[in-house]
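Encoded as structure tokens, the structure appears first; notes follow it.
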Amino acid sequence: MCERAGLLAELKHGAGCRIDEAAEKLHRLSQDIWSCPELAYDERKAHDRLVAFFSQEEEGWKVDSHFKLDTAFRATWGPGGGGEGDVVSVAFLCEYDALPGIGHACGHNLIAEVGAAAALGFKAAVEKSSKLPVRVTVLGTPAEEDGGGKIDLIREGAFDGLDVVFMAHPLQDDAPFLPHVAEHDVTVKYHGKASHASAYPWEGVNALDAAVLCYNNLSVLRQQIKPDWRIHGIIKHGGVKPNIIPAYTELEYYLRTPSRAELPVIKAKAEMCFRSAAMATGCEVEVEYARNAFDNILRNRTLEDLYEENGKALGMEFTTDEEVLTNASGSTDFGNVSFVVPGIHSYFYIGSKALSHTEEYTVAAGDQKAQFYTLRTAKALAMTALDVLLCPDLLQRVKDEFTEAKLKEDRLLKDGPTDNTKNA
Ligand SMILES: NCCCC[C@H](NC(=O)CCN)C(=O)O
């Protein structure tokens, strides 16, 4: 039980009121982002809109536009207000990139809104109590769907000095945590030799054959990997005309494992598939891994429990469906953040059972119905941040759990998981 339970309850109430008060402009914010979907690293309008929100529509924030990345931003309030004790540095994260062709099918417009709303609520609550030593940061993190803006920002030091970070992602259910797997993108290029496909095919080296063999090799490999590992991809370039033997082809694959320590194993297996296809066809092969690999999310059960308790108090019904709770739901660059700062990446229902990355989900993410759930989630995040701020032993528990979980993962990385390809 927190010593300052009375004050805590009052501040939580205050945070909720502030979020309700700002409901209309928060809705406008997410609508503006939703109606103009922009791809990773190109979220210029979303960046400008969020910067305007914190510098013009809201008071008291110091805003850094183009913060370390062209489409990232930072808004800060604090630090400390002259309170007693060490300043606690709390951050809320906003994402705002969309998907090619289908707009905001992952609902990142709502992630921007929920992050902004939670920050507004939290700031309003702590502002009332001038003694609280706190610094509030809102970080606008581009390029989650492609590239991994948070990983660039970590490298640039944007997460240095933060004590705890909060974000929430829309989905089909409310959940304090869903497993997110480690992931690395790889591009495979085959270089062959063009020739007339009917007149003198023996003069050609067929790069499409290499791509197809590669695709099939990987499909066969899928049979021999663990059930929760994933390999999936596309052929981006498959040639230009049936009567020209393709001289160039390109595939893009995502390789995923539940832990970042297992990624090297799946990569080694995939590598044999890439290279053997080149050898069989006489093509040259280039294998290029993306600049950033995504880490799995390091859980923080202390934060999850607090979030769940606050969510329940607000009427959330958390999913108990084992399939949802245990199936890997994708990857996120928040995984890398979770290895640097303790944090929570919860999921929230938006009034629709549509599946992410579909046109139906794009519609749901722009629907007025999503607003109630988005703001409720923002309240739960702000309340959880208040728990951590007002009860110092909770913050210590959050930090201890983080250190222990990280140690465990580091040990796994150092010892390395078993790789059965080594016996081949
Ligand atoms: N490097 C590619 C990353 C793809 C990230 C993407 N994330 C999600 O769908 C969940 C959150 N937006 C994925 O897992 O495919």
Side-chain angles (χ1 to χ4, degrees), residues 30 33-34 37-43 46 93-115 140-155 165 167-173 175-188 228-234 236 251-260 263 266-267 270 287-297 324 327-338 343-350 354-362 364-365 370 374 377:
S30 84
I33 297 172
W34 181 83
E38 297 164 302
L39 300 184
Y41 296 113
D42 203 28
E43 313 94 329
L93 308 186
C94 297
E95 289 175 6
Y96 31 85
D97 60 324
L99 286 154
I102 47 174
H104 276 290
C106 207
H108 291 193
N109 59 309
L110 299 176
I111 302 184
E113 179 179 355
V114 87
T141 64
E144 189 277 336
E145 290 292 352
D146 201 11
K150 293 184 195 64
I151 308 169
D152 300 322
L153 289 170
I154 290 171
R155 217 177 275 125
V165 296
M167 72 169 282
H169 195 299
L171 206 73
Q172 296 81 38
D173 293 286
F177 171 84
L178 292 178
H180 266 78
V181 295
E183 186 272 345
H184 209 170
D185 303 10
V186 60
T187 298
V188 185
D228 47 9
W229 292 16
R230 294 283 183 273
I231 301 178
H232 52 92
I234 54 167
K236 277 182 98 168
L251 303 98
E252 193 180 342
Y253 266 79
Y254 289 0
L255 308 176
R256 312 194 198 227
T257 54
S259 156
R260 67 180 188 173
L263 266 184
I266 201 170
K267 283 163 73 171
V287 178
E288 288 168 8
Y289 281 96
R291 179 177 75 244
N292 294 326
F294 285 30
D295 290 340
N296 49 299
I297 294 186
V324 175
N327 268 350
S329 62
S331 308
T332 166
D333 53 2
F334 183 86
N336 303 62
V337 174
S338 74
I344 185 168
H345 179 282
S346 61
Y347 277 98
F348 62 102
Y349 175 66
I350 60 167
L355 297 178
S356 318
H357 291 208
T358 64
E359 281 171 7
E360 291 74 23
Y361 204 80
T362 306
T374 304
T377 302

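Counting starts at 1 for both ligands and their atoms, in listed order. Heads up: numbering here begins at 1 and tracks the sequence.
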Parallel, tilted or perpendicular for His184 and Tyr289, by the 30°/60° rule?
-> tilted
With sequence neighbours left out, the residues meeting side chain to side chain contact (heavy atoms under 4.5 Å, CB included) with Pro37 are Ala98, His104
Here the salt bridge (Lys or Arg N to Asp or Glu O under 4.0 Å) pairs for residues 177-187, sequence neighbours left out, are none
So CG of Leu110 and CH2 of Trp34: to nearest 0.5 Å the spacing works out to 10.5 Å
Given the options Asp152, Asp97, Asp146, Tyr41 meets side chain to side chain donor-acceptor pair (under 3.5 Å) only with Asp152
Sorted by chain and number, sequence neighbours left out, ring-ring contact (aromatic ring centres under 6.0 Å, His included) with His180 holds for His345, Tyr347
Per the under 4.0 Å non-hydrogen criterion, ligand 1 touches Cys106, His108, Glu144, Glu145, His169, Glu183, Asp185, Tyr254, Arg256, Phe294, Gly330, Ser331, His357
